[in-house]
Amino acid sequence: MRRGMFQITAATAAALTLVCAACSGGTASGSADDDGPWAPTGSIEYIAPAGAGGGWDTLARTSANVLEGSDLIDVRLPVTNMEGGGGSIGWSHVASKESDPHTLFVTSPPIILVPLSGASPHDHTDFTPIARLIADYSVYGVAADSDIQTAEDLFAEIAADPRGFSIGGGSAVGSMDHIAIAGAAGAAGVSAADVNYISFEGGGEALLATVGGHTDAVVTDVASAIPLVASGDVRIVAVSSEERVEALPDVPTLQESGIDFTFDIWRGVMGPAGLTDAQVAYYEQLFADMLELDTWATERDRLGWDDAYMDSAEFGVFLDEQSTQFESILTDIGLSS
Amino acid sequence: MDILNQLAGGFAVALTPENLLYVLIGVLVGTIVGMLPGLGPMAAIALMMPIVFSMEPASAMILLAGVYYGAIFGGSTSSILLNAPGVAGTVATSFDGYPMARQGLAGKALAIAAIASFVGGTVGVVGLMIVAPQLARFAIGFGPAEYFALMVLGLTAVASLSGKNLTKGMIAAVFGVMVSLVGIDRQTSILRFSFDLPELYSGIDFLVVALGVFALAEVFRLVRQRQNDDGKSITSLRLNRSELASITPPMTRTSVLGFFTGVLPGAGATIASFLGYAMEKRIAKDGESFGSGNPKGVAAPEAANNAAAVGSFVPLMTLGVPGSGTTALLLGALLVLGVTPGPLLMTERPDVFWGVVASMYVGNLVLLILNLPLIPLFARILRMPKAMLLPLIVVFCVIGVYALSFSVFDLWLLLGFGVIGYGMRVAGFPAAPLILGLILGSLMERAARQALQISGGDWSVFVTKPISATLLGIAAVSVGLTVLSHLRRRRERVLVSS
């Protein structure tokens, strides 16, 4: 069907392209057939489905700056912030741009978690995975004066009195930090539904509540925890990565502590549905090349990220796996609809 | 004197020509974005991020901090002149500032706001300098139970903001609380009052409501008002000695209150300004005239919000914990620049900590010098004929709201709240309690549920924790006094009529 319509409109499209070369309309893909290589013909709308200053915005602006400052691409990637609905406003916009190769957006676990909670009509299957770029990890911490020294201690305490042991985190119930602790608890043999997770407004507030003795433990990301770890106010007992992280070389992973669970806060890029293989291949290569740039390495290290590249196919499989895993954790917690 | 040595070191950083220029640019940009609703310090700082990444960390923070407190300083201008608060922290300033402007005292109101902002900012910096590390410990003492008690205390201000009719004030406050609950509930991930509209999933932005019920509703009222008050004369902006003397004690008190409120990451400038306003209304002998153009009602929130803006640097720099979206951006900038804020900042990077502290002294002075001469210029805006001024305010509101998230839906909300605000005025419902309920409602609910979740559902946690019990006690006394005075007034009225 689509192919047929395309052929009929091809002539018109060719004429139109002359008139509006800079437009990012769907028909712009007419400049290449499906077999040949593709390249963008105009500026790329690069969407951060959140406000300025958050994780998505930082990734979008950083990667756009690195790309525009390199010779990898000669069109612009203006970043557009589409705030609202935990991402769903931006996703709806991208979903309406089907087959438009001049639209991209940055993504992370909420693309799976928000739809699972029922707060977005679109989920990751409505979009084309382009590439996974970086990863960040969860840490499990306690106040410096706590008796808990290891991950084993932590989960033993939780198991002894799950409802009485409070664990603060910076994200909403059913979102990243909650998944990170509930999944780990499940792997440690504690019922995920029993974990007393308290949602705070950001990792900082969650950390302070633990330092102040208001909550018993905290789960947050590495970067948020660093200041209070450096000052000795918080002790991190485990990290959710497969291997120890550079910033916290003395902290064992969950797996080292005998808990078979890993969790990473991955970030990547997706496009609208209906992109051709050539278009996907172009972007895949673009982002793979970007990760090799020195300018990227500088930014990445400054922001404390780890490269975690996956190409489109791998990323797609990974997203499906994540979806299954998150859904089962959410079911264990008792949140899945 | 160790502190003086370190402060001298800070001034050595802040007074280099380069950094002086950054302070100047920062506060200038801040003043301008503060005046324009919607643009706000957060958007301005986000836009400046790419520039500061190539700067020295101390210079970068001096610049960005200038934007932040400059915006709180400048936000009062549109509150006073147009009843359109530019930033959340200056809503309370409009309660008395706008009536003053309507009475032809715009110049004076702006001057009071500028002086109070300067005093608040300076008291805040002194506090930041002397007690920052100790105060960080004070902030840690606040957990969910304590925040709940603080919000309850804040809500008692409804009594002060209600004017003559306490019942109508309470109804407005409850409506505000309801509006604050719209969107995804973080404690359960359940959508509330969102009517399946994705635009409502993340709640209704404070600014949409504030501009609707204050600025837009006022435009509607002025349109309906037949009599023409074009070309209002603007009296001198000079304050005489007795006026200065009368606002000095309120400014001093609310500066201290504002600073301590700002230090708490879960509170901040907006709550500080409301607490300051309510406190001074209660203390003042002429408290009855608060809300109808009392200069103290301008001085109190302005001193409090500026002190709080500076106070919020305590948790940011000494704990690495931001208290608001704007300070979260500042934290991000510090991290990117390779500076780890936290308890070690003062010893590891004294140039950053003391440089920023010293630059705040300079910045506050610059703001005062910059703003005072501009006041007659700004005040002149009110001389515009109504037919030009009102459309201008509408444009101002629409751009401000649209700039929030580029959503047309928000514009319909703005219009809706404008109509609601106008209806409330006609029916005699005060708008200020609605705003207070909106600010405190969701915060209070969240804190209460967090506290109860931690305690396993045991309500005694609110009274067994000393800070929480004290705050709730003050709130109870405050409510008790209000009820008593209402009863007394009613009895007096009965006596007079019999």
Side-chain angles (χ1 to χ4, degrees), chain A residues 51-54 57-58 61 65 80-86 88-89 91-92 113-114 117-121 163-164 166 168 171-175 178 196-205 207-209 211-216 223-224 226-233 299 302-304 335, chain B residues 42-43 45-47 49-50 53 137 139-146 183-191 194 198-202 265-266 315 319-323 325-326 328-329 331-332 335-338 340-345 404-407 409 443 446 449-451 453-456:
Chain A
D57 183 58
T58 310
R61 287 183 193 276
N65 283 345
T80 309
N81 291 99
M82 290 199 180
E83 198 175 353
S88 57
I89 302 285
W91 300 330
S92 297
L113 292 165
V114 174
S117 75
S120 167
R163 300 316 295 172
S166 54
S171 63
V173 161
S175 197
H178 192 190
N196 191 9
Y197 175 80
I198 322 284
S199 161
F200 285 86
E201 198 80 353
E205 284 188 23
L207 281 157
L208 279 198
V211 174
H214 307 287
T215 52
D216 299 310
S224 300
I226 295 289
L228 289 162
V229 172
S231 69
D233 286 300
E299 297 292 323
R302 285 209 292 200
L303 293 162
L335 277 176
Chain B
M42 200 167 163
I45 289 174
L47 284 174
M49 282 292 190
F53 286 167
R137 300 291 122 183
I140 286 171
F142 270 69
E146 288 80 4
I184 295 174
D185 168 39
R186 289 174 67 93
Q187 256 75 37
T188 54
S189 279
I190 285 171
L191 288 166
S194 63
E199 290 88 349
L200 288 178
Y201 286 1
S202 47
L319 293 168
V321 172
T326 317
L329 277 180
L331 176 72
L335 289 172
V336 169
L337 290 163
T340 305
L344 304 179
L345 179 72
L404 282 177
S405 54
F406 305 104
S407 144
F409 183 86
L443 292 175
R446 188 197 312 146
R449 287 166 65 189
Q450 285 169 343
Q453 216 186 323
I454 293 171
S455 73

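Below, chain A is the first sequence line, B the second, and so on; all start at residue 1. Everything numeric here is computed off the predicted structure, so don't read it as measured data. In what follows, every heavy atom counts, from backbone to side chain, and hydrogens, waters and symmetry copies are set aside.
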Participant: Does B/Gln187 use its side chain to pair, donor to acceptor, with the backbone of B/Gln450 at less than 3.5 Å?
Facilitator: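 No.
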Participant: Tell me, for A/Ser166 versus chain B, whether the close heavy atoms (under 4.5 Å) come from the side chain, the backbone, both or neither.
Facilitator: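 Contact with chain B is through the side chain of A/Ser166 alone.
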Participant: If I take atom CD1 from residue B/Ile140 and atom CG from residue A/Asp233, how far apart are they, to the nearest 0.5 angstrom?
Facilitator: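 Taking CD1 in B/Ile140 and CG in A/Asp233, the distance rounds to 5.5 Å.
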Participant: Counting heavy-atom pairs under 4.5 Å with chain A, which one of B/Leu200, B/Leu344, B/Leu191, B/Leu345 comes out on top?
Facilitator: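 That would be B/Leu344.
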Participant: Testing the basics here: between A/Ser199 and A/Ser171, what is the closest heavy-atom pair and its distance to 0.1 Å?
Facilitator: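 Distance-wise, the nearest heavy atoms are OG-O, 3.2 Å.
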Participant: Among A/Gly212, A/Ser92, A/Pro227, which has the most heavy-atom pairs under 4.5 Å with chain B?
Facilitator: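 Result: the option with the highest number of such pairs is A/Pro227.
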Participant: Any idea which of B/Ile190, B/Val321, B/Leu319, B/Ile45 has the most non-hydrogen atom pairs under 4.5 angstrom with chain A?
Facilitator: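 Of the candidates given, the most pairs with chain A belong to B/Val321.
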Participant: Go through the atoms of A/Asp216 and report whether side chain, backbone, both or neither lie under 4.5 Å from a heavy atom of chain B.
Facilitator: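 When you check distances to chain B, no heavy atom of A/Asp216 falls under 4.5 Å.
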Participant: Tell me, for B/Ile184 versus chain A, whether the close heavy atoms (under 4.5 Å) come from the side chain, the backbone, both or neither.
Facilitator: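 Only the side chain of B/Ile184 comes within 4.5 Å of chain A.
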Participant: Quick check for you: among B/Pro322, B/Pro144, B/Gly342, which has the greatest number of heavy-atom pairs under 4.5 Å with chain A?
Facilitator: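 Maximum pair count with chain A is reached by B/Pro144.
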Participant: So does A/Gly202 get a backbone contact from the side chain of A/Glu205, meaning a donor-acceptor N/O pair under 3.5 Å?
Facilitator: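 Judged by distance alone, no pair lies under 3.5 Å.
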Participant: Measure B/Arg137 against the heavy atoms of chain A and call it side chain, backbone, both or neither at under 4.5 Å.
Facilitator: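 For B/Arg137, the side chain is the part near chain A, not the backbone.
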Participant: A/His178: which residues meet the ring-ring contact (aromatic ring centres under 6.0 Å, His included) condition with it, sequence neighbours left out?
Facilitator: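 Expected list: A/Tyr197.
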Participant: Taking A/His214 for its side chain and A/Ala209 for its backbone only, find out whether a donor-acceptor pair lies under 3.5 Å.
Facilitator: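 Flag not set: sc A/His214 to bb A/Ala209 has no pair under 3.5 Å.
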Participant: What part of A/Ile89 gets within 4.5 angstrom of chain B, counting heavy atoms only: side chain, backbone, both, or neither?
Facilitator: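 Looking at A/Ile89, just its side chain touches chain B.
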Participant: Looking at A/Asn196, A/Val114, A/Val211, which has the largest count of heavy-atom pairs under 4.5 Å with chain B?
Facilitator: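 So the answer, after comparing A/Asn196, A/Val114, A/Val211, is A/Asn196.
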Participant: Find the distance between CZ (A/Phe200) and OG1 (A/Thr215) and round it off to the nearest 0.5 Å.
Facilitator: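 Between atom CZ of A/Phe200 and atom OG1 of A/Thr215 there are 5.0 Å.
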